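Below is one structure; the comments refer to it alone.
Counting starts at 1 for both ligands and their atoms, in listed order. Just so it is clear, the model here is predicted, and its values are computed rather than measured.
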Amino acid sequence: MAQASFNHKAVNLWTSRIIPLILMGIVGYVTYVVIVLICVDYLLKPPTSLQAPRHGAAAAILVLYSILLLLIALTYFRLLYTVTYNPGYVPRGPQWHAQRERKTREKRQNGRDYRKAQSPVSSEGIEGDAITSSGDAFAPTTTEPAPGLRDFYSKDAFVCQGDGRPIWCSTCLNWKPDRTHHCREIERCVRKMDHFCPWVGGVVSETSFKFFTQFVAWTAIYCIFNLIVAAYFLAEYRRKTHTLNVQWLVVLCLGALFGLFTAGMTGSSLQFAIVNTTTIENLSRKTIVWTLALYMPKLPEATPGFRTISYSAGTTSEGSNTHTDHPSRGVRTFAILYTKPGENPFDLGPYKNFKSVFGDHWYDWLLPIRYSPCCNHDRQEGEFAMGPVVQRMRREAGIEFPAEVDEKSHRRRRHRRRRRRRRSSHSTGVKGIRTNQGEDMREKDASGIGNDRDEVELEEGLRRTNGTAYHS
Ligand SMILES: [Zn+2]
């Protein structure tokens with residue numbers, strides 16, 4: 001691999017220590033210029049020949065500057081804390097730990113001889129590389145017990161390979177949950193990884209993407225604020241003294257440079273949140289074909305036009321579509337289906353996508369308090385909420401959930417009933433008002449047409465099903 005000589009440790013030191021220090025230095029300098037030089041020296045204590053003190057303007061700048069700086073500090077430290085202590089890593093597999101233990105034992109036993117024997121492969125690399133090159137990095141076969149698979153097949157949908165098993169990471173030696181990406185910089189699998197962020201020296205993932213976006217957004221506003229303040233007083237000072245204040249000019253340039261950069265990042269991050277994608281997924285957004293294993297609540301009578309995979313405790317069997325596999329016996333059968341190129345199965349619609357990252361309330365959108373709702377993987381439908389694309393795939397394959405079918409027929413019946421009611425109200429001259437005389441009406445209407453009780457029970461049933469199936 002061309003990247004084999006890539007020095008991750010040096011990059012990590014540079015990104016995690018030096019860049020934040022430089023950024024803090026810049027913020028310190030801007031604070032000095034805006035607060036001390038502009039607010040205090042120019043607005044509050046100006047040379048008497050130039051102008052009278054302007055307390056109002058100085059106070060307004062001071063307050064706004066402090067609020068923005070506080071918001072940046074809050075979002076930055078929340079981001080830093082999350083990237084450090086809750087980065088969204090997927091645990092490494094049992095095989096990885098076993099191999100590591102074996103290596104350590106061998107190393108201890110063989111001492112120097114071991115190191116000599118290994119030297120052509122280079123022992124200074126990262127542990128994961130050594131394990132990858134050992135040749136054992138294969139996913140468990142379909143017949144041997146595969147730990148960790150239960151987390152996948154207990155859900156109703158998951159991203160899989162062509163054979164119906166989840167995607168395997170050959171470095172972490174574990175299954176990859178939906179939307180997980182293996183990050184080379186840190187040699188770990190990261191859930192819904194967005195990118196490696198040099199600003200904080202870590203990976204922006206599902207846990208930190210919201211805080212990252214808030215941080216770049218507040219930084220963009222802060223930069224634009226400084227740009228406006230510096231530009232306004234620079235022009236004024238020049239008009240009055242016919243000289244240029246270099247320090248204010250530096251702040252103006254820094255504001256323009258970082259403002260443009262962070263505003264661009266804010267724009268792209270918001271766009272990714274709204275279409276429910278990540279920087280990495282976005283690279284292949286227009287061409288990607290997702291392979292999904294979708295749980296079949298009922299086995300088809302005839303041979304389906306797609307591959308299936310059945311999971312039971314410990315083993316999987318591909319393509320077995322025997323009718324002895326029944327959900328009640330602990331066997332869960334999944335259809336292996338493909339999206340059309342460029343379709344996003346996780347796209348829930350712009351507003352729901354946005355809320356799945358930023359939360360339900362306006363204060364969640366602005367302040368770095370709670371994690372994104374999409375970090376909660378308790379839902380039954382999959383690691384992440386599935387959108388209309390998956391519903392369509394289920395419908396086309398004929399593997400809809402009974403609740404969905406019920407809901408559709410229920411909607412159709414309600415529509416028919418409404419039409420009938422409208423027609424009858426036209427003929428009798430009574431407007432279509434729903435009354436509380438349901439009991440009497442139902443007894444009269446023994447044929448079941450317009451049966452209100454039926455509707456209520458069905459609705460309750462639906463709610464109950466949704467309550468257990470899609471608890472969030
Ligand atoms: Zn990995």
Side-chain angles (χ1 to χ4, degrees), residues 1-9 11-12 15-16 82-104 121-141 144-153 155 158-198 200-209 277-284 288 290-293 316 346 374-375 377 382-384:
M1 285 215 300
Q3 287 89 352
S5 59
F6 191 68
N7 194 336
H8 294 286
K9 274 180 189 163
V11 170
N12 282 350
T15 55
S16 64
T82 309
V83 163
T84 313
Y85 295 104
N86 186 14
Y89 297 163
V90 177
R92 284 158 169 148
Q95 280 186 57
W96 187 91
H97 292 284
Q99 284 199 0
R100 190 183 147 104
E101 247 171 58
R102 203 175 64 219
K103 294 265 167 189
T104 334
V121 192
S122 163
S123 59
E124 62 168 55
I126 292 151
E127 293 141 348
D129 283 342
I131 286 161
T132 316
S133 61
S134 70
D136 288 344
F138 296 111
T141 62
E144 71 189 55
L149 272 182
R150 182 184 285 272
D151 294 345
F152 294 84
Y153 72 76
K155 306 255 180 200
F158 59 89
V159 177
C160 64
Q161 308 170 79
D163 64 0
R165 291 182 304 157
I167 298 164
W168 178 256
C169 176
S170 56
T171 306
C172 302
L173 305 183
N174 207 359
W175 306 106
K176 283 167 137 182
D178 295 4
R179 308 182 83 178
T180 291
H181 181 81
H182 182 85
C183 176
R184 243 184 328 108
E185 274 86 356
I186 51 163
E187 288 296 324
R188 290 299 297 261
C189 272
V190 186
R191 281 176 183 275
K192 205 184 169 198
M193 175 177 164
D194 194 81
H195 64 282
F196 184 83
C197 175
V200 288
V203 178
V204 173
S205 69
E206 64 171 16
T207 52
S208 50
F209 182 69
T277 188
T278 64
T279 302
I280 290 167
E281 287 171 3
N282 187 56
L283 298 174
S284 55
I288 190 169
W290 293 84
T291 310
L292 300 176
T316 62
F346 306 104
C374 68
C375 300
H377 299 293
E383 281 279 303
F384 293 92

Query raised in the report: Got a sec, which residues hit side chain to side chain contact (heavy atoms under 4.5 Å, CB included) with Asn282, two or more places apart in sequence or on another chain?
Result: Phe272, Thr277, Arg285
Report summary line: For Val203 and Ile186 the tightest heavy-atom approach is CG2-CD1, 3.4 Å
Report task. Identify the heavy atoms of Arg188 and Val90 that sit nearest to each other, and give their distance. Result -> NH2-O, 3.1 Å
Requested in this report: Everything protein-side that's N, O or S and under 2.8 Å from the Zn ion (ligand 1): list it, residue and atom.
Outcome: Cys169 SG, Cys172 SG, His182 ND1, Cys189 SG
Query raised in the report: Are Arg179 and Glu281 within salt-bridge range, i.e. N to O under 4.0 Å?
Result: yes
Query - salt bridge (Lys or Arg N to Asp or Glu O under 4.0 Å) partners for Glu206, two or more places apart - result: none
Query raised in the report: Excluding sequence neighbours, so at least two apart, what forms side chain to side chain contact (heavy atoms under 4.5 Å, CB included) with His97?
Result: Arg92
